[in-house]
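Heads up, the thing below is written out as structure tokens.
What you see below is based on every heavy atom in this structure, not just the backbone, and it leaves out hydrogens, waters and symmetry mates. Protein chains get the first letters and strands the later ones, always in sequence-line order, with residue 1 at the start of each.
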Amino acid sequence: MAVITAREGDPMAFNPLAEKGIPFDKQFRNWAELNVQPYDTADVDPYTRTRVITMNGIEIESILHSHQFARHCDNLEIKSKLALTRRVEQQQQKAVNWLIPGNESTIEVTIGYEQVAIDLTAWLARHEPDPYIKQTLDFGLLEDFDHLYRYANLYELLDGKKAERITGQVTEIMPGRPTAVEHRHPADDVRAHYDKHTVDPRTRLHVMTVTAAEQQTMNFYMTVGNRYMEPIARGLYLEIAQIEEQHVTQYESLLDPVESWLQSELFHHYNECWLYWSFMRTEVDERIKRLWELHLHMEIEHVRITGEMLKKYEGIDPAEILPKSLPEPMTFEANKDYVRSVLAHQLDLRTVGPRYVPLDQLPADARYFQYQRTVNGNGFIPSEQVITDNVAKSGRQYRLETQGAHPVEFLRQQRAA
Amino acid sequence: MSVINLTQLDGTRTRIMPMTVAAPSQTATRGDFDRMATDVNVDRLRLADLLSALAMQERNTVNLYRAAAGRTSVDAWRERYETFGRQSETHAAIYEELIGSLHGDPRYVSPMARLCEFRNSKMMETVLLGSSVEPATLEIADLEMVLQAEMQCHANWELLKAMSDRLHDGETKRALDDAIRRVEPEEDEHVAWAKRTWQETHLILVLQRP
């Protein structure tokens, strides 16, 4: 397999439309090839884990989108090609997700998921050119940041272990916008969306990526949250799973519904190219780097096949609607200063429909407050209880504050009496 | 030539609505059209929005012709689709020239244009049902889409003609008349051919004994 190297003149330029992918008849792998050797939890780089989790989410979204498209179509050629690419995507998803070892517990994988949410969303927000989309990313960032803190305390409460075993030192763990106040009326999670003609190509990639990541997290918590015996764990997973539903509603509503099924399918595969290319360039594990490169070469062919369908059925050449090269690679890296600055300035934001509004500007009869009273009623709020319980057990909340005290004074560590 | 499938890279701008957002550099406001058609007393924003939608209709028709030409198995139809597609591309360019000559923004995509595109894309989705009909029905479906698209295009140009008739002589009226003059014969031919061919095809298929 030839490594895709930098091009003369512009080391970053990479255009999937100009590359040759792997023919479909060579994309299927046997069980031994798919049943990959997992990484070793003891020495995996935290950002290798986050890349693995991210691509699992991307592949799942690609598969689900393809299934939904197929349900609205009876064109045999299109359905057959969707089934073909989807079968390969399913194999890719296994090869990626099976990198996660069996001895990473549910809560440990969960902590990895939330680290993805934080450092993915923060990077996207830092690189997002549209102010409203950036604000939406910032808004969700503070909520996922808090989820990591709650799950980290659950981990210590149940297993006596520290989340930094999973996250390393690259992501801080402390309160964000408290989960208890994140619960909003459904209508307040619907956002305005970009317009396909004016959208920066990066924005579309960012929105598709974060939607897939949050959807994966939502699906994961929906499925595994009931695998615990302890009521506090069951409660925390169900509460946070509801927030992830809010996040999926939020992020998917940023997409422009004017984009057709075929255009959206093309953008899905293009997004996969971007991410596999990004991760191939930044991966530190040589074995996994080769997997990203292999999948990139497969996705190049998926882009080509889908582009041909777009030409045939909509008269649109993909080169007319895709940029000449991929944007800057998505890079997992520490975002501590950025997260802290968002925390310091946006903690008290809420939403009224698609608009962002400071809490103190919400009218007293806002539906937000009614919804809060309903779901947080009867006094049991798992996300608060888990902290209370861990303080009672451990003498303090679990935190990893590497950059000093929390930027918001009332969220600083309170010592147990 | 016109850009058929507008993207941000073409310097496109739009007017944001409650459910749409755009970067500040790509957002148009009412004031951006104050210099448009200043020799006549018109709602300039409404004019800009309308011309944008009419241009979008022409652009979408180009895409339709490309797709239909690629799929048809009828050589005579393919030739027409290819010829009319090229002509429609020219008509789209004429729309852009018209908008520019009226001091508007040829790359402005109005909310009305978005709706036009959405409607047309739903029409194009007809082919997603392609395997539960006979090949001949699918061919006719493409032809019907062409007919509907061209009827809309033709109606759009007639609208501009009616608008010109109500204007006094001046820069705007002359620009409209020039554009109409350049497209009218071809637009007439497009809709006439589509309608005639659609009728004849159905009649042939229905009236012949199996």
Between atom NE2 of His193(A) and atom OG1 of Thr20(B), what is the distance when rounded to the nearest 0.5 Å?
-> 6.0 Å

Under 4.5 Å from any heavy atom of chain B - which part of Leu254(A) = neither

Exam field: side chain Ser131(B) to backbone Asp74(A), donor-acceptor pair closer than 3.5 Å | yes

Short question: side chain of Asn75(A), backbone of Val127(B) - any donor-acceptor pair under 3.5 Å?
-> yes

Highest number of heavy-atom pairs under 4.5 Å with chain B among Asp317(A), Leu262(A), Asp200(A), Ile78(A) belongs to Asp200(A)

Neighbour count >12 (heavy atoms, 6.0 Å) for atom NZ, Lys195(B) = no

For Trp198(B), does the CH2 atom sit with more than 12 other heavy atoms under 6.0 Å from it, leaving out its own atoms?
-> no

Kindly compute the distance separating CD1 (Ile321(A)) from CD1 (Ile4(B)), expressed to the nearest 0.5 Å.
-> 13.5 Å

Checked Ala68(B), Pro18(B), Ala22(B) vs chain A; the most non-hydrogen pairs under 4.5 Å come from Ala22(B)

Are the side chains of Leu128(B) and Tyr313(A) in touch, meaning some heavy atoms are under 4.5 Å apart?
-> no

Gap separating the CD1 atom of Ile316(A) from the CG atom of Asn60(B), nearest 0.5 angstrom | 8.0 Å

May I ask you to check whether over 12 heavy atoms, not counting those of Arg119(B), lie within 6.0 Å of atom CZ?
-> yes

Side chain, backbone, both or neither of Met56(B) within contact of chain A (heavy atoms, under 4.5 Å) | side chain

With a 4.5 Å heavy-atom cut-off, do Val258(A) and Arg114(B) have their side chains touching?
-> yes

Residue from Arg66(B), Met17(B), Gln26(B) scoring the most non-hydrogen pairs under 4.5 Å with chain A is Arg66(B)

With the side chain counted from C-beta on, respond yes when His197(A) and Leu6(B) share a heavy-atom pair under 4.5 Å apart, and no when they do not.
-> yes

Mind checking the CG-OG1 spacing from Leu9(B) to Thr198(A)? Nearest 0.5 Å is all I need.
-> 11.5 Å

Drop me the distance from Gln8(B)'s CD to Asp195(A)'s CG, to the nearest 0.5 angstrom.
-> 11.0 Å

Minimum side-chain heavy-atom gap Val21(B)-Asp130(A) below 4.5 Å | yes

For the student: nearest non-hydrogen atoms of Ala23(B) and Pro131(A), plus distance = CA-CD, 4.3 Å

Should we count NE2 of His202(B) as having more than 12 external heavy atoms under 6.0 Å?
-> yes

Winner by heavy-atom pair count (cut-off under 4.5 Å) against chain A, out of Arg71(B), Lys122(B), Glu125(B) = Arg71(B)

Is the number of heavy atoms from other residues, nucleotides or ligands under 6.0 Å of Lys161(B) NZ greater than 12?
-> no

Give a yes or no on this: more than 12 heavy atoms of other residues, nucleotides or ligands lie within 6.0 Å of atom CZ of Arg35(B).
-> no

If you round to the nearest 0.5 Å, how far is CZ of Phe118(B) from NZ of Lys196(A)?
-> 11.0 Å

Are any non-hydrogen side-chain atoms of Met19(B) and Arg191(A) less than 4.5 angstrom apart?
-> no

